[in-house]
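This report refers to the structure that appears directly beneath it.
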Amino acid sequence: MSLSVDIRHRLGAFSLDAVFETGGRLTALFGPSGSGKTSLVNLIGGLLRPDEGRIVAGGRVLVDTGTGVFVPKHKRRIGYVFQDARLFPHMTVGQNLRYGRFFTPASERYGDMDGVVELLGIGHLLDRKPGSLSGGEKQRVAIGRALLASPRLILMDEPLASLDEQRKAEILPYIERLRDETKIPIVYVSHSAAEVARLATDIAVLDNGRVAAAGPTSEILQRLDLLPAEERSEGGAVLEMRATGRDETFGMTTLASPAGEIHVAGLEATPGSTVRVRIRARDVIVATERPRGISALNILPGRIAGIASGNGHFADVTIDCNGEAVSARITRQSAEMLGLAPGLPVFAVVKSVTFDRANTAKTVPFAGDDRNARGRVE
Amino acid sequence: MSLSVDIRHRLGAFSLDAVFETGGRLTALFGPSGSGKTSLVNLIGGLLRPDEGRIVAGGRVLVDTGTGVFVPKHKRRIGYVFQDARLFPHMTVGQNLRYGRFFTPASERYGDMDGVVELLGIGHLLDRKPGSLSGGEKQRVAIGRALLASPRLILMDEPLASLDEQRKAEILPYIERLRDETKIPIVYVSHSAAEVARLATDIAVLDNGRVAAAGPTSEILQRLDLLPAEERSEGGAVLEMRATGRDETFGMTTLASPAGEIHVAGLEATPGSTVRVRIRARDVIVATERPRGISALNILPGRIAGIASGNGHFADVTIDCNGEAVSARITRQSAEMLGLAPGLPVFAVVKSVTFDRANTAKTVPFAGDDRNARGRVE
Amino acid sequence: MQWLLDLTPDEWNAVRLSIRVATVAMVFSLPPGILIALLLARGKFWGKSVLNGLVHLPLILPPVVTGYLLLITFGKRGPVGAFLDQYFGIVFSFRWTGAALACGVMAFPLMVRAIRLSVEAVDRRLEAAAGTLGANPLWVFGTITLPLILPGIIAGMILCFAKAMGEFGATITFVSNIPGETQTLPSAIYTFTQVPGGDEGALRLTIISIIIAMAALVASEVLARRVGKRLDVE
Amino acid sequence: MQWLLDLTPDEWNAVRLSIRVATVAMVFSLPPGILIALLLARGKFWGKSVLNGLVHLPLILPPVVTGYLLLITFGKRGPVGAFLDQYFGIVFSFRWTGAALACGVMAFPLMVRAIRLSVEAVDRRLEAAAGTLGANPLWVFGTITLPLILPGIIAGMILCFAKAMGEFGATITFVSNIPGETQTLPSAIYTFTQVPGGDEGALRLTIISIIIAMAALVASEVLARRVGKRLDVE
Amino acid sequence: SGAVAQEKVTVFAAASLKNALDAVNTACEADVGEQATVSYAASSALAKQIEEGAPADVFMSADLDWMKYLSDKNLIKADTETKLLGNSIVLVAPADSKIEAKIEKGFDLAGLLGDGRLAMANVDAVPAGKYGKASLESLGAWASVEGKVAQAENVRAALALVSTGEAPLGIVYKTDAAADPKVKVVGTFPEDTHPPIVYPVAQTADSKDDDTPAFLKCLQSAKAKELFEAQGFTVLAPVVSN
Ligand SMILES: Nc1ncnc2c1ncn2[C@@H]1O[C@H](COP(=O)(O)OP(=O)(O)OP(=O)(O)O)[C@@H](O)[C@H]1O
Ligand SMILES: Nc1ncnc2c1ncn2[C@@H]1O[C@H](COP(=O)(O)OP(=O)(O)OP(=O)(O)O)[C@@H](O)[C@H]1O
Ligand SMILES: [Mg+2]
Ligand SMILES: [Mg+2]
């Protein structure tokens, strides 16, 4: 499944000129407020007709101003979670949830109502009208409504913005499963680097209507310079690792890669499976000698590949750990004190609790046209 | 300035029964979606009239069903940032911003339009109508509108939810200054523990319409058990420290407390001033011997005061650093490997970059009734 | 009370006929009313002003003129009337159907305006949302737009009904005043006002007319409240 | 064109008078129209149904009856008319002010309905937001509610104006048909239709009446569009 | 401008008099010293307005009933009441109609109508309708056509029904029929079959305008008679010379 966007569109004084292509399962749109994320999603969803350009999703031309193709929105089979929930005020929550389902041929339906309702914790709201729901409740119903339409393309515009961490923690795995177990491509707008790092297979960074960068998550997150200053502490290395062992006493999983072994708590991964692990630059301590007697379990030996300290007080150190790059963000003072220089052998020290549960690659195999072979959720 | 709430109110099947008192400058309302935060704010703001109870803010009785007092909302002089921006659709952004100002006697106005507009980055939007603003732009205008009304009580319902980190980083210091330099009490609803930890002087945790806990931020955040599981990694110690020195070469500030010295990058604090520093439990490494040759600058010696490991894979270690408590969250495996036990002398290792810019205490002295002595912003 | 209900058979006929005419006028002008309200609120086409003007015409013209125009258009020899008669067997002249047509035409501007105001108040983003969920424009209209404009539709209907209960100038000019066929309550009332000493009869029929219209009005308010409650806003 | 404008002085008077009457009726029924629309849309009070019924009465009654009721109420010898005359020196009977009153009353239900529909569509949370910013209820009304119901107000005004341009049954019954004083365009048209050979004159005045009303209609649409643009939604 | 009554003679006249009275009014300007202001409306409305204190000096009704209504209430100066004009009623058909008939006792009006309707002004309220009904009754035709009568609001509306072909036959004033080229007169109803068709005139009791007697007098002048007759009316009152 691929998404290819090449469009130009004017909105008042704002002009969107976005070109990118992604083959990923979940493409995150990332960028500051007003950079054109919602507009881009509206173009993909058919709510806006571009002044010029072409959008192709999974081989299907959704719009092409050159040939005059414009698939109307109701034929795109999208599940759009709007930034403003947009629930139908005259229907109950239950009716809102069932709305899209009604228009889906029974044979193409997936996801079951009860499961989604339970996941989102909106069972007690089914008979209410949306008018008096709380902000987070509205948002959850909006997510449910979009998912239950059994879409072939999911567009989510900051779906978790008004939810508490607990709720997010419940919903994120579901989105991961959607991403991994079904073949439905997802376009996901978020301001949270943590969310993006966890969910996205690909990222497109928007800035003032232009695509500043686009590519696989590991690439984009590693390039701290692509991220806005405040997001950089969320940036870092993404390593593909293999689960090699499991300690049941402490619930620890051992992951291995050429860079070395790391130990992760609370990760359910069958030995042998591949796991993506993100190591945030701000969570890495650089040591010139192997530390002893410390609680941090993960100590990766390596050599300094480069030091960048353009930005004020901090230095971004890249460590080559047996061919894999790990980034560390430390103070300039530390870098100087430790006498860090390219080529110096060092240790990257990481606390295990800072690992996110990462993208496991145990997806159903991709099989030709996604219309025929669709995975089932629940 | 104090806020005392003791109300009962029914909304359909939901019942709010909230009792708490806070003397803090910024009280955060924290709790899961649907727990009644917005309803409580609406009661304080006068948008709802409680079935029963009493709300007193800064000695002024806003509502008391016992004596029949109900100050109408337009006389409460509040600046309410709504969860849904609620901009006036028929006015330009500029008119929206000036709306509340118009109703404020000139002598009681504070904050200047240009400053707020620049802070929020909405200068280019002043002549637009709100209808076509992006989600984040709406939110920023809503913040500006509330602040420019020169309120005596600020209510913010998830004001930063739809903003990117960069924007948040620009706006947070402003809210801090509001909190510290003026005497305007702020009630702040947020789902983000990081935001709350950074901003709040006091926290009230709501759960299903009841106040589960209320008190100063340091107390609530230290009690990890009060936080929902997913927020716990944001919990930790809050230390009051004194700025003692400044290294201009690296832009580092040295802070001292009985627990020891720590070094912070990028903090502007005049020597001698008091600074509140939060040390997140998940950012603390426990070492049984003083680590050498590492980039982490802050090593606080202490003794283990307690270990709690109720919850699965992790152990929460409390370290007594010369009378001050520092929390560390490490894996159970590490705790066992290092042989940690109460009484053991250890070192708490903290990377300096994980410090948030904290609550500086260089506020204008509190002087009696806040109506007479009001600090000025900008 | 007895005095009130002590009506002649012709008067009873007029009561029944008025209710029938008002109901039929209300029901049959609803679909075109909704259509034209939609066109005026949302359409962008050449001649929109002309359509708008045409819709308002019955309001602007003295009823007698409207009646006369109906007569020469929908009458037996009128172009439309002759056509409808020949191909569909629909005859308006001197029939109660003609009275309903006249009432419908006279009330049409009121109905269109009420519905149009509601259409203009609809948040089109909700319609877009329904579209993304797979509803084609017709379904969107039926499931989103229509329920949201119900207040306007109800208002339009009650205005039409009330107007039809009072309309008389165009009706009597178009289909005249045939007891049992086209003599509606207002025609009967008018007749009473034209004879010296007819005041009592006029008063009686007027009160009956008011009672009927008030019942409809109260019903419409109840309905509107119920529809409003369905929105269940703060 | 010359043919159209070749009017007698009395007819010119009727044109001028009609515009004046329609304008005055529109302007003066606006404040009570807004007030009552607000009451009906938001008020909760005993007798609301009665008020609602009263407002609709001119629609339900045959215009002749309304005119007659005005005559016996606001006439020189009527209770209200005598009172107003004695204490305020306001006289309606057989004056153009009476014609304006009649037109205003006849158009009142239309105006109230249009405004009421708009009031009901206002998002009250915006009013609450204005309240928190320090605006007392009156300011909230002036700065939030009023601008938001402008579409309804404009619709109500144009309905009132158009209706006043066509109203004649109540007017002629209440204030008669005195050239230069109470003879509005519709009355003049009516007079023409009552005599042989009057058709041409009636047609001429009808066309003039349509032109005036259409100009008002177009102006109202332009105004409404401008107001709509002020909302600047997606 | 509330002083209409003081400045000019104000006449409340039945609408059907408009053409004739406008002409007479112009002709009388010299005699009266000014043109009268004429308010044309239905006799019923005018009568009730006078009852409510309308500033009318002269009332010209389309029938005797409304004049009597006012005189019974002492609202007119009884000595000024004059039966001024007369008219006759005729049976009309569309100009292209083939119908021919002689109006006499027992004539088959129902047969002539076939499925069609007989257009008349309201037979209970409007004078022309009342006269027509009386005529048909005395001719013995009423019972057979009663169910086929389409009662219009006024004579003009009845005439319109015939001239548009809606109704094959109608009963209207001769004055109206004569002026409409789209109808033809089939026959005139004999005068003795209905009460006399009379347009009475009188000065109102409240009238204060000094010119009113002059105006009333002019209505009965020779030149007025000429103008009334030009419109098809018969002048019933004797000519009063100056
Ligand atoms: N008018 C009402 N009728 C019934 N229930 C209501 C009403 N208003 C609010 N509620 C319910 O009260 C609860 C609290 O709502 P509130 O908006 O205060 O939550 P919140 O804490 O702000 O949540 P969120 O974080 O999602 O915004 C919700 O479950 C909501 O559905
Ligand atoms: N109809 C319009 N007229 C003028 N400007 C518009 C219009 N619609 C959108 N814009 C502008 O285009 C820019 C992009 O808007 P968009 O909603 O796509 O931003 P976004 O990236 O989703 O931002 P956010 O994160 O704040 O939601 C904004 O600056 C917005 O003000
Ligand atoms: Mg957006
Ligand atoms: Mg809320």
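Chain A is the first sequence line, chain B the second, and so forth, proteins listed ahead of strands; every chain is numbered from 1.
- Within residues 132-144 of chain D, the residues that have a heavy atom under 4.5 Å from a heavy atom of chain B are T132(D), L133(D), G134(D), A135(D), N136(D), P137(D), W139(D), V140(D), T143(D), I144(D), listed by number.
- In this structure, chain D has heavy atoms under 4.5 Å from both the backbone and the side chain of I78(B).
- No more than 12 heavy atoms of other residues, nucleotides or ligands sit less than 6.0 Å from atom CZ of F28(D).
- Among residues at least two apart or in separate chains, salt bridge (charged side-chain N to carboxylate O under 4.0 Å, His left out) pairs with a member in residues 23-44 of chain D are R42(D)-E127(D).
- Under the ring pair (Phe, Tyr, Trp, His ring centres under 6.0 Å) criterion, F45(D) pairs with no residue, sequence neighbours left out.
- For R145(B), the parts lying near chain D are the backbone and the side chain together; criterion is any non-hydrogen pair under 4.5 Å.
- The residue among F82(B), F88(B), F102(B) with the most heavy atom pairs within less than 4.5 Å of chain D is F88(B).
- Of the two parts of L155(B), neither the backbone nor the side chain holds a non-hydrogen atom closer than 4.5 Å to a non-hydrogen atom of chain D.
- To the nearest 0.5 Å, atom CG of residue L126(D) and atom NE2 of residue H90(B) are 8.0 Å apart.
- Remark: R125(D) engages D84(B) in a salt bridge, criterion side-chain N to carboxylate O under 4.0 Å.
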Which pairs of donor and acceptor atoms, one on a side chain in residues 99-109 of chain D, lie under 3.5 Å apart (sequence neighbours left out)?
none

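- For K48(D), the NZ atom sits in a packed shell: over 12 heavy atoms of surrounding residues, nucleotides or ligands are nearer than 6.0 Å.
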